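First comes the structure, then the notes that go with it.
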Amino acid sequence: MRSSPIAGTSPIRVRIAPSPTGPLHIGTARTALFNFLFARHHQGTFILRLEDTDQARGSLAFEKDILDGLHTLGITWDEGPAVSGEEARGPHAPYRQMERLPLYAEAASDLLARDLVYPCYCLPDQLDADRKLAEAEHRPPRYVGRCANFTPEERKVREAASLAAALRFRVPENTLVGFDDLIRGHVEINTDALGGDFVLVRGDGSPLYHFTVVVDDVEMEISHVIRGEDHLSNTPKHILLFRAMGHEPPVFAHLPLILNPDRTKMSKRKSQTAVGDYLAQGFIREALVNYLALLGWSTGSEDEILGMDELIRRFDLDHVHQAGAVFDRERLEWLNGQWVRRLDPDELVDRLRPFLEADAVAGRIDRMPPDGQIRALVPLVRERLPTLGAITDQVGFLFVDHVAIDPAMLVPKRWDAATALDGLAAAREVIADVGRVSFEADELEPLLRSLAERRGWKAGDLFMAIRVAVTGRTATPPLFDTLVALGYEQALHRMDRAIGVLRAAASATAT
RNA sequence: GCCCCCAUCGUCUAGAGGCCUAGGACGCCACCCUUUCAAGGUGGAGAUCACCGGUUCGAAUCCGGUUGGGGGUACCA
């Protein structure tokens, strides 16, 4: 039973609230995308809030990775934190939780004044012992409430002993908390399953996730919380807090999880999870966005190549799935190829350049081709790039000073070494002749074909020998275009070298 | 353990009681195209709709149970 996608009449405000404890995760990107699409589709507001209260694990480098990654994917926010000189955007600034501490302190003292929350002096060791005991007795772990009913005097004694007090929220007993999830339908959880009174503020005064998320969602007037299903069981805690603070909870929508191949929650251990890594390998943003949108959502039709505008136009929450989806890299690669082929040629040059530059720096190629040369290669490579990073794999041989040639590969299956030598020498002369006038694919092909015909060779065999001679490989873009891309001088030079290699190998076997 | 969620080809999915002899896509296999590799085209294999029971003239679709899987259960987010 699903409620209408948009409950109430208040303006739509959604958020992505990443925690900078790691690089931008595929799952975070997908959640961000769904929130973004939902906001854009309904002319709502999309907010980025940094949940950086875990100072031990968080870092600025991760924060930058997350922001940059979202930006690269085209997931832009209407309200968000100050970044690198730029001021925070939006009426609810700041958007970084560590800069919002006074808000949490204020909310906490209010709850404390109303006795909805109480100081807890339990030590971590005690809590651990409680948990272990519960486990041994096969009881669900739950806070025993040791500090729940101290008198003011009892508290004073502990404070005098300068015991650090965490703040715990009083969870009502045996109460059903229900909500209508836009994706799951009606969900009901008994408060007894919540593990007892939970901590809102650490002993050192720093606020915890369950607390900050609610304070901020209230203050930022979030209308819809669209997040991963891993938060479903936590939702009653949040609802209790919303009510304690005198607010109706927002509408919830819990997305299915993205899964490892073994169907567990996608994790770094078992999958590549960093968006940056996919980008670095040459998956392009259009493909990533298209793929992520289709993980757990569908148009309801059979269309699947969808750009951002199209996604915004068609996105809705009621076509979101309930079951988790395995991340399938092969399908991503296919989609990436689809989008690479759709790129404007000049745009493709721009996107290819950084990959070639990186490979030049890494020494995988000896020189960086000028833009004109990359542009000329576009028709040859665009159908052969599952990722942009594959460019050097495809045509790197054009930009190296020496290609390593395996003499065995120079001899096609139907040929022997002598034929190969003969064929390469004859082809060398044909190529040399053509080049004296002009060096065009259209001219090379018929002449080399007729050479093969005259000598009774299969054209494919001759072409393969030449291919290996000039590229060192058996799989390349079309041969004649490749020869032209190589240039007359270089093509002849490589033919001569290959002939030399073959001769040397032949005499070595002879002796 | 307890609580919650989920369940259609290997994978992503279409499917809102008769349109389903369960459709599409990725991957796989063949063939066509072809100088190799791709791309493209055509075709194929691949799902007793997890299982059992019910409701109904009729169920992949509704209900109940079972099984299986996942998530949550922190002074992490």
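Just so it is clear: chains get the letters A, B, ... in the order the sequence lines come, proteins before strands, and each one is counted from 1. Please read all numbers here as calculations on a predicted model, not as lab measurements.
The shortest distance between the side-chain N/O atoms of R263(A) and the OP1/OP2 oxygens of U11(B) is below 4.0 Å. For the OP1/OP2 pair of C4(B) and a distance below 4.0 Å, the side-chain nitrogens and oxygens of T235(A) include no atom meeting the criterion. Between R139(A) and the phosphate of C2(B), there is no side-chain N or O to OP1/OP2 separation shorter than 4.0 Å. In this structure, H319(A) reaches the G15(B) phosphate: one of its side-chain N or O atoms is under 4.0 Å from OP1 or OP2. For C76(B), one of the phosphate oxygens OP1 or OP2 lies less than 4.0 angstrom from a side-chain nitrogen or oxygen of R202(A). A sub-4.0 Å separation between OP1 or OP2 of C5(B) and a side-chain N or O of Q322(A) is absent.
Ring pair F480(A)/F463(A) is perpendicular by interplanar angle, where above 60° counts as perpendicular and below 30° as parallel. Taking the six-membered ring for Trp and thresholds of 30 and 60 degrees, F150(A) and Y121(A) have ring planes inclined between 30 and 60 degrees apart. Using the six-membered ring where Trp is involved, W415(A) and W457(A) have ring planes that are tilted, between 30° and 60° apart. Taking the six-membered ring for Trp and thresholds of 30 and 60 degrees, F179(A) and F252(A) have ring planes more than 60 degrees apart, a perpendicular arrangement.
Here A25(B) is the nucleotide among U36(B), A25(B), G72(B) with the atom lying nearest to any side-chain atom of R331(A). The side chain of A323(A) approaches A7(B) more closely than any other nucleotide in the set A7(B), G70(B), C26(B).
Distance check on atom C1': C9(B) versus A50(B) gives 14 Å, rounded to whole Å. Nucleotides A14(B) and A22(B) place their C1' atoms 10 Å apart, quoted to the nearest Å. To the nearest whole angstrom, the two C1' atoms, one in C62(B) and one in A16(B), are 11 Å apart. As rounded to the nearest Å, G43(B) and C5(B) have P atoms that lie 44 Å from one another. Across C33(B) and G27(B), the matching C1' atoms stand 22 Å from one another, rounded to whole Å.
Note on P141(A): a base of the nucleic acid sits closer than 4.0 angstrom, heavy atoms only. Among the protein residues, E188(A) comes within range of the sugar-phosphate backbone only, with heavy atoms under 4.0 Å from sugar or phosphate atoms but none that close to a base. Using a 4.0 Å heavy-atom distance criterion, R341(A) is classed as a sugar-phosphate-only contact. Note on G203(A): a base of the nucleic acid sits closer than 4.0 angstrom, heavy atoms only. If you check every strand for non-hydrogen atoms under 4.0 Å, Q338(A) touches sugar and phosphate atoms only. Residue contacts shown for P477(A) include a base, since a base heavy atom lies under 4.0 Å away.
Every residue meeting the salt bridge (charged side-chain N to carboxylate O under 4.0 Å, His left out) condition with D262(A), not counting sequence neighbours, appears here in chain and number order: K270(A).
Map D328(A) and P140(A) each onto its nearest nucleotide of RNA chain B; the residue landing nearer the 5' end is P140(A).
Between the C1' atom of U13(B) and the NE2 atom of H321(A) lies a distance of 6 Å, rounded to the nearest Å.
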